[in-house]
Peer 1: 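Structure below; questions to follow.
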Amino acid sequence: MRPIARQLLVPILCILPLASQSGCARNPVTGDLQLALISEAQEIQMGQQAAQDVATSIGLVDDPELQQYVSRLGQQLAAASERPELPWSFAVVDDPTPNAFALPGGPIFITRGLMNLMSTEAQLVSVLGHEIGHVTARHHVTRLSRQQLAQVGLGVGGILFPDLQQLGGIAGAGLQLVFLSHGRDAERQADDLGFRYSLDQGYDVREMALVFESLQRLGDTGESSSIPSWLMTHPAPAERIEYVQERLATVDATSGQLRIGTQPYLSQLEGLVYGENPRNGFFRDGLFLHPDLRFQVAFPGQWPRQNLAQAVMAISPQQDGAIQLTLAEEDTPTTAARRFLSEQGIQPGQTAQQSINGLPAILASFRAQAQQGQTLQGIVGFVAHGGSVYQIMGYAPVGVYGTYDQLFQQTLRSFRPLTDPETLSVQPERVSIVRTPETMRLSEFDRRFPSAVSIDELALINQLTGADALIPGGTLMKRVLPG
């Protein structure tokens, strides 16, 4: 069925006599009938599961005061929303990519990168309000329900069966929900709701446009991150700036005591990591170096790589081979290898006990059946170092494994202790807040209070136009201290 026909079918289903059993519900925001093959209980369960995946796989900023600050503001907004009874939660993700995202049923996350890009509490509240709007309007439910329809077919008789209200293939989506993008209408409605939620709490909604302007200037920098950038999951900022300005024309945002909250917001950024945190591991000339865990591994030079909270991944340019480095749960290479080779679907091959750069290790070949029915061939090594066991695995389809076998072997055997003092002592760049002693231009500020970033980037994070921007005396400014 063509997409236009599918869209027309949804309102038809919701006016049938058995609409209450056909997967329709009242939208909490508009009161209109809404396609909902997912119950509220399932919505909450799905979001809670995905939130655990985010915390585990991406990681949260280790700053209790910052986390409490964001949570307090978010909870105030959510308590006054159309769905105050949901188990709302708000947290800052330890990722340098500017973004914020909501999960079904209440969990909301904002990245460290977006926190560093914004400058006021009013801006933060506008972003949290937007994400709350996605949840209150059940945008995830609508999007996932439409995906469910596409999976099971669109026969009217089939939709009336209660079995189709189960999660089905959507269950266990986990981090896939982070990449879920909403349509333009949903984003506009979320902007409307975020605008209203912010204004109702007494915040200056004019600050909302400044967030979009900063994101527009930044551009798309999410290529190497574990999560997508804002521009990959939201409509173009230029369109949204225009829309917010239209909304501003309908309200008197200058009357009363609308809050901006520059000082309380920037005080929370003092000392916050800026950009990538090398203490979590970083790549240098093909080497993955981890100062805290004191090891290094050489990955194939031309392979796209990604450093996640629980794994380091590299994918071949042809996307038909992969290397994965993780921590094993077991205490010794022997027990780790025994557990892995006994897993369902694994066909063990040759196993050998070896020493890799002076570290005790076990290497094993294997075959495994992929979910798509394809047979994979691989090699896995378990290396003991620093009281932990590291699992390094290379695999590819049986037909192409020979192309990568040597690369897999080289990567696995490159694991060694990290001993370089300079690398072991590397520290991340951090935000520092400075109050200007007098009126000056940004170029003068940069000379008197040097930053580890370019003056263009300094202008961006302070939401100024450029080096010639005039800064009044007594203004709170961000700068970035070197690691």
Side-chain angles (χ1 to χ4, degrees), residues 57 223-226 276 278 280-330 332-334 336-337 339-341 343 346-368 370 374-386 388-420 423-424 426:
S57 301
E223 294 182 0
S224 62
S225 172
S226 56
E276 298 285 351
N280 295 332
F282 63 97
F283 289 98
R284 179 193 291 164
D285 300 328
L287 278 177
F288 179 73
L289 309 165
H290 203 300
D292 280 353
L293 299 179
R294 307 176 76 90
F295 74 83
Q296 67 181 52
V297 181
F299 284 84
Q302 302 303 316
W303 286 33
R305 302 174 293 263
Q306 196 169 59
N307 178 24
L308 306 176
Q310 288 192 315
V312 182
M313 296 286 298
I315 307 295
S316 68
Q318 294 76 26
Q319 298 188 354
D320 57 356
I323 299 172
Q324 176 179 301
L325 167 66
T326 58
L327 271 170
E329 296 179 0
E330 291 72 21
T332 68
T334 301
R339 186 268 310 158
F340 175 84
L341 296 173
E343 288 183 357
I346 298 292
Q347 303 173 23
Q350 292 184 339
T351 302
Q353 188 169 351
Q354 299 186 14
S355 175
I356 294 180
N357 298 308
L359 303 173
I362 289 183
L363 275 62
S365 60
F366 68 91
R367 289 196 176 192
Q374 193 175 42
T375 301
L376 301 177
Q377 184 174 349
I379 182 171
V380 60
F382 300 91
V383 187
H385 172 58
S388 300
V389 175
Y390 293 85
Q391 175 182 301
I392 313 167
M393 179 168 56
Y395 56 92
V398 170
V400 298
Y401 177 82
T403 307
Y404 300 118
D405 179 60
Q406 186 175 358
L407 280 176
F408 292 157
Q409 295 269 359
Q410 290 174 351
T411 299
L412 199 154
R413 297 179 187 279
S414 71
F415 187 99
R416 66 181 65 242
L418 177 61
T419 58
D420 175 49
T423 304
L424 289 171
V426 68

Peer 1: How close do Ser365 and Leu341 get, counting heavy atoms only, and between which atoms?
Peer 2: O-CD2, 4.4 Å
Peer 1: To the nearest 0.5 Å, what is the distance between CD on Gln324 and CD1 on Ile392?
Peer 2: 11.0 Å
Peer 1: Can you list everything that forms a salt bridge (charged side-chain N to carboxylate O under 4.0 Å, His left out) with Arg284? Sequence neighbours excluded, please.
Peer 2: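 Testing Arg284 for salt bridge (charged side-chain N to carboxylate O under 4.0 Å, His left out), a comparison that skips the adjacent residues, returns none.
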Peer 1: Please find the pair of heavy atoms, one from Val389 and one from Pro333, that lie closest to each other, and give the distance.
Peer 2: CG2-N, 3.9 Å
Peer 1: Using side-chain heavy atoms (C-beta onward) and a distance below 4.5 Å, is Thr375 in contact with Pro397?
Peer 2: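 In short, these two side chains do not touch, never coming nearer than 4.5 Å.
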Peer 1: Between Thr351 (side chain only) and Ala364 (backbone N and O only), is there a donor and an acceptor less than 3.5 Å apart?
Peer 2: no
Peer 1: Could you tell me which non-hydrogen atom of Leu359 sits nearest to which non-hydrogen atom of Val383, and how far apart they are?
Peer 2: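 Distance-wise, the nearest heavy atoms are CB-CG1, 3.7 Å.
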Peer 1: Side-chain contact test, heavy atoms from C-beta onward, threshold under 4.5 Å: evaluate it for Leu407 versus Trp303 and give yes or no.
Peer 2: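 Of all side-chain heavy-atom pairs linking Trp303 with Leu407, at least one is under 4.5 Å.
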Peer 1: Between Pro291 and Phe282, which heavy-atom pair has the shortest distance, and what is it?
Peer 2: CG-CE2, 4.0 Å
Peer 1: The criterion is side chain to side chain contact (heavy atoms under 4.5 Å, CB included); which residues satisfy it with Gln347, sequence neighbours excluded?
Peer 2: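 Gln347 satisfies side chain to side chain contact (heavy atoms under 4.5 Å, CB included) with Arg367 once adjacent residues are dropped.
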Peer 1: Supply the atom-to-atom distance His385 NE2 to Ile356 CD1, rounded to the nearest 0.5 angstrom.
Peer 2: 12.5 Å
Peer 1: Between Tyr390 and Leu293, is a side-chain contact (heavy atoms from CB on, under 4.5 Å) present by the stated rule, with each step listed?
Peer 2: CA-CA 11 Å; Tyr390 293 85; Leu293 299 179; 3.5 Å; yes
Peer 1: Report the distance from atom OG1 of Thr423 to atom CZ of Arg294, rounding to the nearest 0.5 Å.
Peer 2: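 The distance works out to 11.0 Å.
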Peer 1: State which residues pass salt bridge (charged side-chain N to carboxylate O under 4.0 Å, His left out) with Asp292; sequence neighbours excluded, sorted by chain then number.
Peer 2: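 For Asp292 the salt bridge (charged side-chain N to carboxylate O under 4.0 Å, His left out) partners, ignoring immediate neighbours, are Arg279.
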Peer 1: To the closest 0.5 Å, what do you measure between CD (Gln377) and CG (Asp405)?
Peer 2: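 One finds 7.5 Å between CD of Gln377 and CG of Asp405.
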Peer 1: Which residues pass the side chain to side chain donor-acceptor pair (under 3.5 Å) test with Glu329, sequence neighbours left out?
Peer 2: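 Not a single residue meets the side chain to side chain donor-acceptor pair (under 3.5 Å) criterion with Glu329.
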Peer 1: When rounded to the nearest 0.5 angstrom, what distance separates CZ in Phe295 from CZ in Phe288?
Peer 2: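 Result: 5.0 Å between the selected atoms.
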Peer 1: Who passes ring pair (Phe, Tyr, Trp, His ring centres under 6.0 Å) against Tyr401, sequence neighbours left out?
Peer 2: Phe408
Peer 1: For a side-chain contact (heavy atoms from CB on, under 4.5 Å) check, start with the C-alpha distance between Gln318 and Tyr404, then their side-chain angles and the critical distance, and finish with the verdict.
Peer 2: CA-CA 11 Å; Gln318 294 76 26; Tyr404 300 118; 3.2 Å; yes
Peer 1: Looking at Gln353, I want to see if its CD is surrounded by more than 12 non-hydrogen atoms of other residues, nucleotides or ligands under 6.0 Å.
Peer 2: no
Peer 1: Apply side-chain contact (heavy atoms from CB on, under 4.5 Å) to Leu363 and Arg413, showing your working.
Peer 2: CA-CA 10 Å; Leu363 275 62; Arg413 297 179 187 279; 3.4 Å; yes
Peer 1: Looking at Gly321 and Ala396, what are the two nearest heavy atoms and their distance?
Peer 2: CA-CB, 4.0 Å
Peer 1: Determine the sole option in Asp420, Thr419, Leu418, Asn357 for which the side chain to side chain contact (heavy atoms under 4.5 Å, CB included) test with Gln296 is passed.
Peer 2: Leu418
Peer 1: Measure across Phe382 and Gln391 and return the closest heavy-atom pair with its distance rounded to 0.1 Å.
Peer 2: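 Smallest interatomic distance, heavy atoms only, reads CE2-OE1, 3.2 Å.
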Peer 1: Hey, what do you get for CE (Met313) to CG (Leu308), rounding to the nearest 0.5 Å?
Peer 2: 8.0 Å
Peer 1: Is it true that, when you exclude Gln350 itself, more than 12 heavy atoms of the residues, nucleotides or ligands shown sit nearer than 6.0 Å to its CD?
Peer 2: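 Counting neighbours around CD of Gln350, 12 or fewer heavy atoms of other residues, nucleotides or ligands fall under 6.0 Å, so no.
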Peer 1: Test Gln310 against Thr326 for side-chain contact (heavy atoms from CB on, under 4.5 Å), laying out the working first.
Peer 2: CA-CA 6 Å; Gln310 288 192 315; Thr326 58; over 6 Å; no
Peer 1: Using atom types as modelled and distance alone, determine if a side-chain donor or acceptor of Asn307 lies under 3.5 Å from a backbone N or O of Asn280.
Peer 2: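 Side chain of Asn307 to backbone of Asn280, a donor-acceptor pair under 3.5 Å: yes, one is there.
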Peer 1: Is Arg305 close enough and on-axis enough to Phe299, meaning under 6.0 Å and within 45°, for cation-pi?
Peer 2: no
Peer 1: Sequence neighbours excluded, which residues qualify as ring pair (Phe, Tyr, Trp, His ring centres under 6.0 Å) partners of Phe366?
Peer 2: Phe340
